[in-house]
Structure formats: structure tokens, C-alpha cells
Trainee: 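Take this structure first; my questions come after.
For this chain, numbers begin at 1 and follow the sequence in order.
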Amino acid sequence: NSLLCYIMDEQTGTELQLPVNPEKITFKWGRKIETVNILNLGEIDFTTGEKLTGISFSSFFPNAYVPAYCTTANLSTPQSSNAVMNAWKSRYQEPTPGLKDPVRLIITGAQEINMLAIVSEYESNEHGGEPGDIYYSVSFREWKEIFIRTDSEEKPSNRTSMKERPKLVKLPTGL
């Protein structure tokens, strides 16, 4: 299983294959836990759901193809790859109407990751002595779709038609 990393914007059709695999990919998940103090028992933990999954890694966009570490010979310029990453950040700050959807993160290899995510952090820099290469660190957070039903989408109930309740009449007593 060879490692390949892709970030795809399914809404605009933009696809970025990372030209250099990260040395390390951190995959983080967790549970939400609420601790309650119960009389005569002490603290008890209750799980209240899952935290969003986070994935982070660092690598670089090379200025030139080097077969020893590049995953593809079809390289974009480091500046254009960096611009794509920055464009994904800005769509959540001041979203263009209709451009609010997350990106798809696909990482092949031992963990096989294929998830909708938002770019939660991105940092880029240049190193002296390596002209044109752009180094970066990026973090993603899982995106969960939320579907809200409207009244018109509610399923009809299985109840039979309800008859109107008969009116109660007070009868005079003592007749």
C-alpha cells in the first residue's frame, strides 16, 4: 500500500495531489466525557458523544521534480498549490454564495482516510537555501452533515383520523 494524499473540492472540481508525502500523519479522535459526582460513589464518567476527528501533517511543495521523494512528475508550482490551500481557508471566512461545502481528504495507505473536512489551520513558510520550495503544516477537522427536516417533510402519522371529542353537557340534578 503506497501512501498518496489528495485534497479535493468536489464543488469546484479543484484537486490537489500532494507532491511530497508527509513524514508523519497525525490522526486524532476522542470522546466527550461528562464527570458527575454521585453521593457515596464519587466521580462517575458518562460519555456524551464523539469529538470531531482531526488530521494534521506537514510537508512541502517542491519547486522542482525530484524522483527520490516526489509522488508525481506532474507538479504545480509551489505558489499555485499554496494559493489553492489559502483559497480553501477564505471560503469559510467570507463564503461565496454556494461555496460553503467542505473539501474531501483522501489518504491511501495503512489507515485509508476518505472524509469530508474543513481546513482548520494552515501555515506556510520558506527556508533559506531552498529557493522556491514552500513548506507547510495543515490541520483538518471532520465535517458532519446536518439534515434538518421541515414541517412539509415530516412523515404523515400512522394514526387514524381523530374524531372530534363530544361536548359534555351538565345534567340538572335532583329531578
Side-chain angles (χ1 to χ4, degrees), residues 1-34 47-150 152-153:
N1 254 357
S2 64
L3 181 71
L4 292 173
C5 301
Y6 299 90
I7 307 166
M8 300 185 311
D9 183 342
E10 295 170 341
Q11 197 168 11
T12 63
T14 305
E15 181 179 313
L16 178 64
Q17 178 181 352
L18 301 185
V20 178
N21 283 332
E23 183 179 329
K24 175 177 85 170
I25 298 172
T26 303
F27 184 83
K28 183 178 179 182
W29 63 270
R31 296 208 179 278
K32 290 183 179 182
I33 297 175
E34 184 176 332
T47 60
T48 59
E50 295 180 2
K51 292 182 178 181
L52 294 174
T53 301
I55 296 175
S56 59
F57 52 83
S58 298
S59 188
F60 71 100
F61 299 121
N63 192 33
Y65 174 70
V66 177
Y69 54 78
C70 288
T71 60
T72 179
N74 187 18
L75 293 179
S76 298
T77 66
Q79 294 79 11
S80 65
S81 297
N82 193 50
V84 167
M85 295 298 288
N86 284 317
W88 285 329
K89 174 196 77 140
S90 65
R91 76 191 295 171
Y92 298 103
Q93 291 177 335
E94 297 175 23
T96 306
L99 283 179
K100 299 177 188 172
D101 288 346
V103 295
R104 181 164 298 281
L105 177 63
I106 298 175
I107 302 174
T108 64
Q111 295 194 57
E112 291 293 329
I113 296 164
N114 183 344
M115 67 184 230
L116 291 174
I118 59 169
V119 179
S120 60
E121 291 184 37
Y122 181 72
E123 179 182 328
S124 62
N125 57 67
E126 295 183 49
H127 294 187
E130 299 176 43
D133 292 349
I134 296 179
Y135 286 78
Y136 66 89
S137 294
V138 63
S139 295
F140 297 88
R141 278 180 57 95
E142 176 183 19
W143 178 272
K144 289 190 178 180
E145 292 287 336
I146 298 174
F147 299 101
I148 300 172
R149 288 192 303 209
T150 62
S152 63
E153 295 173 331

Trainee: Just checking E34: does its CD atom have more than 12 heavy atoms from other residues, nucleotides or ligands closer to it than 6.0 angstrom?
Mentor: no
Trainee: CE of M85 to CD of E123: how many Å apart, nearest 0.5 Å?
Mentor: 12.0 Å
Trainee: Checking the side chain of D133 only, and the main-chain atoms of N63 only, is there a donor and an acceptor separated by less than 3.5 Å?
Mentor: yes
Trainee: Tell me, do I7 and T14 make a side-chain contact under 4.5 Å, heavy atoms counted?
Mentor: no
Trainee: Please say whether more than 12 non-hydrogen atoms of neighbouring residues, nucleotides or ligands are located less than 6.0 Å from NZ in K51.
Mentor: no
Trainee: Closer than 3.5 angstrom, by distance alone: can the side chain of T108 be matched with the main-chain N or O of S2 as a donor-acceptor pair?
Mentor: yes
Trainee: Which pair of heavy atoms, one from V20 and one from C70, lies closest together, and at what distance?
Mentor: CG2-SG, 4.4 Å
Trainee: Kindly indicate whether the side chain of I55, heavy atoms from C-beta on, has any atom under 4.5 Å from the side chain of M115.
Mentor: yes
Trainee: Nearest heavy-atom pair of L75 and A64: which atoms, and what distance?
Mentor: CD1-C, 3.7 Å
Trainee: Is there a side-chain contact between L105 and W143 (heavy atoms, below 4.5 Å)?
Mentor: no
Trainee: Do the side chains of F140 and I113 get nearer than 4.5 Å, heavy atoms only?
Mentor: no
Trainee: With a 3.5 Å cut-off and no angle check, do the side chains of Y122 and N82 form a donor-acceptor pair?
Mentor: yes
Trainee: Where is the tightest heavy-atom contact between P22 and L3, given as atom of each residue plus distance?
Mentor: O-CD2, 4.4 Å
Trainee: Kindly say whether S139 contributes a backbone atom to a donor-acceptor pair with the side chain of S120 at under 3.5 angstrom?
Mentor: yes
Trainee: Any heavy-atom pair between the side chains of E10 and L116 that's under 4.5 Å?
Mentor: yes
Trainee: Evaluate whether atom CD of E121 has more than 12 neighbouring non-hydrogen atoms of other residues, nucleotides or ligands under 6.0 angstrom away.
Mentor: no
Trainee: Minimum heavy-atom separation for G132 and Q79, please, with both atom names.
Mentor: O-NE2, 4.3 Å
Trainee: Going by the angle between their ring planes, with limits at 30° and 60°, are F60 and Y135 parallel, tilted or perpendicular?
Mentor: parallel
Trainee: Any heavy-atom pair between the side chains of S76 and V84 that's under 4.5 Å?
Mentor: no
Trainee: Just how far is it from atom CE of M8 to atom CD of E15, taken to the nearest 0.5 Å?
Mentor: 5.5 Å
Trainee: Go through it in stages, so that I can follow the logic: the residues are Y6 and I107, the test is side chain to side chain contact (heavy atoms under 4.5 Å, CB included), and I'd like the CA-CA distance, side-chain angles, deciding distance and then a yes or no.
Mentor: CA-CA 6 Å; Y6 299 90; I107 302 174; over 6 Å; no
Trainee: Side-chain contact test, heavy atoms from C-beta onward, threshold under 4.5 Å: evaluate it for S58 versus Y136 and give yes or no.
Mentor: no
Trainee: How long is the straight-line distance from CG of D9 back to CZ of R104, given to the nearest 0.5 Å?
Mentor: 11.5 Å
Trainee: Quick check for you: to the nearest 0.5 Å, what is the distance between S56 atom OG and K24 atom NZ?
Mentor: 7.5 Å
Trainee: Please answer whether the main-chain N or O of P19 pairs with a side-chain N or O of T71 as donor and acceptor at a distance below 3.5 Å.
Mentor: yes
Trainee: With a 6.0 Å cut-off (strictly less than), is the heavy-atom count around CG of N125, excluding the residue itself, greater than 12?
Mentor: yes
Trainee: If you round to the nearest 0.5 Å, how far is CH2 of W88 from CD1 of I118?
Mentor: 13.5 Å
